Amino acid sequence: MPMRRALIAGNWKMFKTGAEAVDYVRDFLPRVAHAADREIMIAPAFTALEKTAEALAGSSVALGAQNLFWEAEGAFTGEVSPKMLAAAGCRYVIIGHSERRQHFGETNESVNRRVRAALQAGLKVVLCVGETERERSAGETFSVLDKQVRKGLKSFVASELDELVIAYEPVWAIGTGKTATREQAEEAHAFIRTLIANLFSAGMAAGLRILYGGSVKPENIAELMAMPDIDGALVGGASLNPEAFARIVLY
Ligand code: 13P
């Protein structure tokens with residue numbers, strides 16, 4: 001089985017100005033200077049990207065954005081293109097986060113267009129999937145994940161998806177303090193990996209990094225990372241504090 005390098009990513013959501021991001025990075029970088037065996041990514045708001053990129057320059061911490069629009073440029077008021085993100089210093093972009101699906105009308109179809117545009121622009125994609133509490137209670141977890149992955153990656157072939165990462169983020173565990181048990185997370189991750197093997201190839205599935213997201217904290221990261229199909233974490237609230245996020249990175 002190919003080695004999958006752990007990726008610990010911080011999704012700052014709608015927090016931190018550029019100046020606050022710079023303060024954070026100054027505090028954070030020395031704390032993670034020796035974490036070379038794992039990859040770190042932080043995803044600030046659009047307005048903080050360039051300042052954060054400057055502060056991260058020379059470090060191995062990657063910059064990510066939280067969303068993008070699929071067109072390269074044009075009359076699309078309020079939107080940001082893949083090319084703009086790359087020029088701002090982004091290597092990653094998060095796509096299809098449940099908050100975008102819930103509050104901003106993101107669908108599997110729009111997610112698919114965003115994934116394609118991002119990869120074409122040379123950005124690495126963190127594609128988010130996950131079931132709601134109602135869907136889990138109704139026994140629909142796997143069918144929801146199946147649909148989100150299948151439609152989100154519709155009409156791709158394996159060779160186009162080298163730079164894909166999937167994040168499993170059960171909606172009921174986001175910002176609630178209610179982490180999925182490591183068994184629940186592992187079961188979902190293994191399901192996604194098998195699905196990728198069936199849809200694309202066994203080789204792609206074996207190399208694919210699948211992150212867990214939902215109330216990840218310094219106290220629970222180690223037990224999650226001990227599971228065979230959990231290759232990293234997408235951290236919201238706890239990534240806002242450099243000390244806490246560094247402890248998660250160094251689990
Ligand atoms: P929390 O870590 O705050 O639960 O958020 C998870 C998340 O949504 C990361 O994208």
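Order of appearance sets the numbers: ligands from 1, and atoms from 1 within every ligand. Predicted model, so just to flag it, every value in this text is computed and none were measured.
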I want to know if ligand 1 touches Asn11 in the polar sense, i.e. an N/O pair below 3.5 angstrom. yes

Within 45 degrees of the axis of the six-membered ring of Tyr251 and under 6.0 Å from its centre: does Arg38 put its NZ or CZ there? yes

Look only at interatomic distance and state if Gly237 has a nitrogen or oxygen under 3.5 Å from any nitrogen or oxygen of ligand 1. yes

Under a 4.0 angstrom heavy-atom cut-off, which atoms of ligand 1 come close to Ser215? 1 (P), 2 (O), 4 (O)

In sequence, state the C-alpha distance, the side-chain angles, and the governing distance for Glu106 and Arg101, and then conclude on salt bridge (charged side-chain N to carboxylate O under 4.0 Å, His left out). CA-CA 4 Å; Glu106 195 83 67; Arg101 296 178 192 255; over 6 Å; no

Pair Glu109, Lys154 - check salt bridge (charged side-chain N to carboxylate O under 4.0 Å, His left out), show working. CA-CA 9 Å; Glu109 289 69 29; Lys154 192 173 165 204; over 6 Å; no

Measure from NZ or CZ of Arg31 to the centre of the six-membered ring of Phe28 and say whether it is under 6.0 Å with the direction within 45° of the ring axis. no

With rounding to the nearest 0.5 Å, note down the distance linking OH in Tyr212 to CG in Asn220. 7.5 Å

Quick test: of every protein heavy atom, which one is nearest to atom 9 (C) of ligand 1, and how far off is it to 0.1 Å? Glu169 OE2, 2.8 Å

Measuring from atom 2 (O) of ligand 1, which candidate in Ala43, Gly213, Gly236, Ala173 has the nearest non-hydrogen atom? Gly236

Consider ligand 1: state whether an atom of it lies below 4.0 angstrom from any non-hydrogen atom of Lys13. yes

Any atoms of ligand 1 less than 4.0 Å from a non-hydrogen atom of Gly214? List them with their elements. 4 (O), 6 (C)

Any atom of ligand 1 sitting under 4.0 Å from a heavy atom of Gly175? yes

Which heavy-atom pair separates Cys128 from Leu234 by the least distance, and what is that distance? SG-CD2, 3.9 Å

